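Scroll down for the structure; my scribbles are underneath it.
Because only heavy atoms are used, hydrogens play no part in the values below, and waters and symmetry mates are left out as well, while side chains stay in. In this text, all values refer to a predicted model and were calculated from it rather than measured experimentally.
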Amino acid sequence: DTTGTSLSAAFFSEMRARCEDNIYPALSDAFGNGPVAGPNGEPRTAILLTDNLQTDILGYFYYVDLYDRNPFNQFLKNSNERKIIYMNADIDNSITRYGTIAHEMQHMINYYHKNNNGVYEEDWLNEAMSKYAEEITGFGIPHGDANTVNLIKESQMNFDNLSLTDWSGLNSYGLSYLFAKFLTHE
C-alpha cells in the first residue's frame with residue numbers, strides 16, 4: 001500500500017472525531033455496543049485504509065479478527081487479533097467514506113451480539129441493517145449518498161431476478177436497503 005503516504009494528519013483527526021463523536025454513539029444507540037476490546041486488549045477499533053481491495057469493494061469487516069490467532073485453525077490462523085475494519089483508501093467522497101465506516105462497524109456490532117448468543121444473522125438482513133446504519137449516522141441518501149442511490153438503481157434493473165431473502169451480492173444491496181427503509185419509515 002502506498003496510499004497512506006498521501007493522507008494528512010488532519011484527515012486522520014477528522015476520521016477519529018467522526019467515529020468517536022458521531023458514528024459509534026449513533027450505532028450503539030441503535031444496535032448496542034460492540035466488543036469492549038479486541039483480543040489484543042485494545043478498546044479502540046482500527047481502520048485499515050488500503051488500496052489493495054477489489055474495485056467494487058468499499059470496505060469489509062472480517063469476524064476472524066475478533067479472535068486470537070491460532071495457527072492450527074484454518075480460519076483463525078489469519079486473525080489480526082484486533083477490532084478492525086478494512087476500507088478502500090481511494091474513497092474520495094466523505095459521505096461514502098464515513099457511510100462505509102458506519103456500515104462495517106454495524107457488521108462488527110451485529111456479529112458481536114449475535115455470535116455471543118449463538119445466532120447467525122442472514123446476509124440480507126445484516127446488509128439491510130448496515131445500509132440503514134449509514135443513514136442513521138448522517139451519511140445516507142438524505143445526506144447525499146450517491147453510492148446507495150446507484151445500488152438501488154442496480155437492484156431495480158435486476159428486480160425480476162432478485163429475492164429479498166436470497167442474497168446475490170452487489171445486486172441485492174439496494175433491495176435490502178429499501179426493505180430496511182420500509183420497516184423504519186415513520
Side-chain angles (χ1 to χ4, degrees), residues 14-36 45-48 53-54 56-63 65-66 83-88 91-159 161-186:
E14 178 186 353
M15 182 177 285
R16 180 178 182 170
R18 291 210 187 194
C19 289
E20 291 178 353
D21 299 340
N22 175 8
I23 294 172
Y24 193 74
L27 294 179
S28 294
D29 287 347
F31 302 106
N33 292 320
V36 174
T45 300
I47 300 173
L48 176 66
L53 297 180
Q54 294 175 352
D56 60 341
I57 303 293
L58 297 177
Y60 68 93
F61 158 72
Y62 188 43
Y63 73 93
D65 292 325
L66 293 179
K83 295 182 347 181
I84 186 172
I85 60 174
Y86 303 85
M87 218 174 94
N88 188 328
I91 300 172
D92 56 358
N93 179 304
S94 65
I95 297 294
T96 303
R97 179 184 316 116
Y98 296 115
T100 299
I101 291 172
H103 183 111
E104 300 308 330
M105 281 190 170
Q106 189 291 136
H107 284 311
M108 182 185 299
I109 292 168
N110 184 291
Y111 180 82
Y112 175 71
H113 285 283
K114 300 297 180 171
N115 185 61
N116 282 345
N117 293 307
V119 177
Y120 173 78
E121 191 76 81
E122 292 289 333
D123 288 341
W124 68 271
L125 184 55
N126 194 3
E127 293 298 344
M129 290 188 296
S130 281
K131 291 306 291 176
Y132 183 65
E134 296 173 27
E135 191 162 309
I136 63 172
T137 56
F139 305 105
I141 291 175
H143 306 93
D145 175 21
N147 179 58
T148 300
V149 171
N150 290 332
L151 291 170
I152 291 169
K153 289 177 183 176
E154 184 77 25
S155 288
Q156 289 173 327
M157 290 188 304
N158 297 291
F159 194 73
N161 300 318
L162 291 178
S163 163
L164 176 63
T165 60
D166 185 16
W167 185 257
S168 63
L170 198 58
N171 291 337
S172 297
Y173 280 96
L175 185 60
S176 291
Y177 165 76
L178 290 173
F179 183 70
K181 189 68 176 163
F182 168 77
L183 289 178
T184 59
H185 184 67
E186 297 179 20

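- Closest non-hydrogen pair, Ile95 versus Gly140, comes out as CG2-O, 4.5 Å.
- Within the 3.5 Å criterion, the main-chain N or O of Gly59 finds no donor-acceptor partner in the side chain of Thr100.
- How far CD of Glu127 is from CD of Glu121: 10.5 Å, rounded to the nearest 0.5 Å.
- Side-chain atoms of Ser172 and Ser168 include a donor-acceptor pair closer than 3.5 Å.
- Side-chain atoms of Ser176 and Trp124, non-hydrogen and from C-beta on, do get closer than 4.5 Å to each other.
- Within the 4.5 Å cutoff, the side chain of Glu154 has no heavy atoms near those of the Asn150 side chain.
- Within the 4.5 Å cutoff, the side chain of Ile109 has heavy atoms near those of the Tyr24 side chain.
- Among all heavy-atom pairs drawn from Ala180 and Ala128, the shortest one is CB-O, 3.6 Å.
- In terms of heavy atoms, Pro35 sits closest to Leu66 at CG-CD2, 4.1 Å.
- For the ring pair (Phe, Tyr, Trp, His ring centres under 6.0 Å) condition, the pairs that include at least one residue of residues 126-150, sequence neighbours left out, are Tyr98-Phe139.
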Open item on the list: Working note: Asn88 + Ile57, criterion side chain to side chain contact (heavy atoms under 4.5 Å, CB included); need CA distance, chi angles, decisive distance, verdict.
Closed with: CA-CA 7 Å; Asn88 188 328; Ile57 303 293; over 6 Å; no
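- In this view, Phe159 and Leu175 satisfy the side chain to side chain contact (heavy atoms under 4.5 Å, CB included) rule, not counting sequence neighbours.
- We find the CG-CE distance between Leu27 and Met108 to be 11.0 Å, quoted to the nearest 0.5 Å.
- Looking only at distances, no side-chain donor or acceptor of Asp166 sits under 3.5 Å from a matching main-chain atom of Leu162.
- No donor-acceptor distance shorter than 3.5 angstrom exists from the side chain of Thr137 to the backbone of Ile23, with no hydrogens or angles considered.
- In this view, Glu20 and Arg16 satisfy the salt bridge (charged side-chain N to carboxylate O under 4.0 Å, His left out) rule, not counting sequence neighbours.
- Counting heavy atoms from C-beta on, the side chains of Ser130 and Asn126 come closer than 4.5 Å.
- Applying the salt bridge (charged side-chain N to carboxylate O under 4.0 Å, His left out) test to Glu135 and every residue at least two apart in sequence or in another chain returns Lys181.
- No donor-acceptor pair under 3.5 Å is formed between the side chain of Lys83 and the backbone N or O of Ala46.
- With sequence neighbours left out, the side chain to side chain contact (heavy atoms under 4.5 Å, CB included) criterion links Val36 to no other residue.
- Between the CG atom of Asp123 and the OG1 atom of Thr165 there is a distance of 11.0 Å, given to the nearest 0.5 Å.
- Checked against side chain to side chain contact (heavy atoms under 4.5 Å, CB included), Thr148 has the following partners two or more places apart in sequence or in another chain: Lys131, Glu134, Ile141, Asp145, Ile152, Tyr177.
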Task: CA sep, side-chain torsions, deciding dist, call: Ile101, Cys19, side chain to side chain contact (heavy atoms under 4.5 Å, CB included) - done: CA-CA 8 Å; Ile101 291 172; Cys19 289; 3.8 Å; yes
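- Between the side chains of Asn147 and Tyr173, no donor-acceptor pair is found at a separation under 3.5 Å.
- Using modelled atom types, one finds a donor on one side chain and an acceptor on the other under 3.5 Å when comparing Ser28 with Asn33.
- Within the 3.5 Å criterion, the main-chain N or O of Tyr62 finds no donor-acceptor partner in the side chain of Tyr86.
- Side chain of Asn93 to backbone of Thr96: a donor-acceptor contact under 3.5 angstrom is found.
- Closest approach of Phe31 to Met129, counting heavy atoms only: CZ-O, 3.7 Å.
- Contact detail for Ile85 and Thr45: the closest heavy-atom pair is N-CG2, 4.5 Å.
- Remark: side-chain polar atoms of Asn110 are not paired, donor with acceptor, to backbone N or O of Gln106 under 3.5 angstrom.
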